[in-house]
Amino acid sequence: MASAGAGTVSGAVAGAVPGAGALGASGGSELAIDARGLVKQFGSRRGLDGVDLQLPAGAFLSIFGPNGAGKTTLLRMLALLSRPTRGSLTMLGVDALEEPDALRSRVGLISHKSMLYGDLTARENLEFFSSLYPGGPDCARIDELLRLVELDHRRNDPVRTFSRGMQQRLSIARALVNDPDLVLLDEPYSGLDPHAAELFDQLIDRVRDGRTFVMVSHDLQKGYEMCTHALILARGQVVVCAERAQIDAAAFRDLYLATVGVGVA
Ligand SMILES: Nc1ncnc2c1ncn2[C@@H]1O[C@H](COP(=O)(O)OP(=O)(O)OP(=O)(O)O)[C@@H](O)[C@H]1O
């Protein structure tokens, strides 16, 4: 499965990593993501250049790659914030290009930008985001989430008075307010101190149950440790796509380093 190479990288990868874009989706297992031939054209520049990805439900995929490799472009597509120029994308069994609205409530996004309203309290933020989904605000769930992220005692404080780590915890609650099946993490550790990062780890562990995660990370070691599956992009193409169990850690690091400097499309 190590697939479509990016320039010099493909030679280094060939034969080194098993599998392909199928990520060990064994017969019969449900796919959370089934992307085929995704292309994103920005004028004369190509952000994604034929990306295939088949990810089983319940997996944790870490996406790596140098600056400009296409990680954000791919994540934005999965978050239904951007459409591919070409290709197909099915998520959670739904055609994401034909029926994006049917998917929005099933996908949550946590990025290094908190996407919270500073003048609203923690609770008001969650009520607002909850009200965007069918059924309106779910007060019991909001209370449960505030306890989960250990912000119950700050529920009535404006978010602008929160530390970065606290905002990040609240953004997890925001992303989970609609109980999504697919959670997208865009460099969630960016700007967190070691303690806040540890708390964030614990929170992610506590909300893993049955959900599928996709995380973009520049931290090779952390991203590798957390994932069940790994994807390396360079120049908008898939360089490596494999179950972690199939990847030797040292070889993976070498493969990743080989992409640095060839990522910008
Ligand atoms: N809105 C846009 N308009 C034009 N080009 C874009 C746009 N968004 C992304 N690109 C280009 O697409 C390519 C991939 O960008 P992308 O942001 O996905 O990379 P990335 O892997 O997330 O990089 P980084 O690690 O720096 O965040 C780059 O060449 C970038 O310049």
Side-chain angles (χ1 to χ4, degrees), residues 2-10 12-13 17 21 23 33 35-53 55 60-89 91 96-97 100 107-115 164 168 171 175 182-192 197 200 212-227 229-242 247 252-265:
S3 58
T8 56
V9 176
S10 57
V13 172
V17 178
L23 287 177
I33 298 172
R36 313 258 171 175
L38 290 180
V39 170
K40 183 70 180 184
Q41 197 74 35
F42 296 110
S44 61
R45 187 172 296 121
R46 207 163 254 208
L48 288 182
D49 190 9
V51 166
D52 290 326
L53 171 64
L55 184 70
F60 191 119
L61 175 72
S62 288
I63 302 178
F64 306 98
N67 292 141
K71 305 179 296 296
T72 305
T73 304
L74 178 57
L75 202 75
R76 282 177 54 79
M77 249 175 227
L78 300 178
L80 307 161
L81 297 171
S82 159
R83 289 173 65 86
T85 310
R86 281 209 303 278
S88 67
L89 177 60
M91 300 199 304
L97 307 182
V107 179
L109 173 65
I110 301 170
S111 83
H112 47 282
K113 295 177 198 144
S114 73
M115 295 189 286
R164 163 101 181 86
Q168 194 64 326
S171 73
L182 174 62
V183 180
L184 308 172
L185 306 163
D186 186 7
E187 297 180 41
Y189 292 92
S190 162
L192 295 186
F200 191 78
T212 306
F213 282 78
V214 176
M215 177 171 79
V216 166
S217 177
H218 280 293
D219 185 334
L220 193 62
Q221 187 177 341
K222 185 153 200 64
Y224 182 84
E225 281 167 6
M226 289 177 80
C227 75
H229 298 73
L231 177 75
I232 299 179
L233 289 175
R235 285 191 176 150
Q237 298 185 336
V238 175
V239 178
V240 175
C241 189
I247 314 172
F252 184 70
R253 184 174 172 76
D254 289 346
L255 287 168
Y256 175 77
L257 291 176
T259 67
V260 175
V262 300
V264 180

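Hydrogens, waters and symmetry mates are skipped; everything else that's a heavy atom, side chains included, is used. All ligand and atom numbering here is 1-based and tracks the order in the structure.
- By the 6.0 Å and 45° rule, K71 does not stack over the aromatic ring of F64.
- Between G70 and ligand 1, at least one pair of N/O atoms sits closer than 3.5 Å.
- The closest heavy-atom contact to atom 23 (O) of ligand 1, among the options P66, G47, G68, comes from G68.
- Within the listing of ligand 1, atoms 25 (O) sit less than 4.0 angstrom from a heavy atom of H218.
- Note that CD of Q221 is 12.0 Å distant from CZ of F252, once rounded to the nearest 0.5 Å.
- Which parts of ligand 1 touch A69 is read off a 4.0 Å heavy-atom cut-off, strictly below it: atoms 19 (O), 20 (P), 21 (O).
- In this structure, R86 places its CZ atom where only 12 or fewer heavy-atom neighbours from other residues, nucleotides or ligands lie under 6.0 Å away.
- Across the listed options R46, K40, K71, K71 owns the non-hydrogen atom lying nearest to atom 25 (O) of ligand 1.
- Not one N or O on the side chain of S62 forms a donor-acceptor pair closer than 3.5 Å with the backbone of A230.
- At least one side-chain heavy atom of L75 sits less than 4.5 Å from a side-chain heavy atom of D186.
- The distance criterion of under 3.5 Å between nitrogen or oxygen atoms is not met by E187 with respect to ligand 1.
- Partner of F60 under the side chain to side chain contact (heavy atoms under 4.5 Å, CB included) criterion, out of L185, L55, V214: L185 alone.
- Taking a cut-off of under 4.0 Å to the non-hydrogen atoms of T73, the atoms of ligand 1 that pass are 14 (C), 15 (O), 16 (P), 18 (O).
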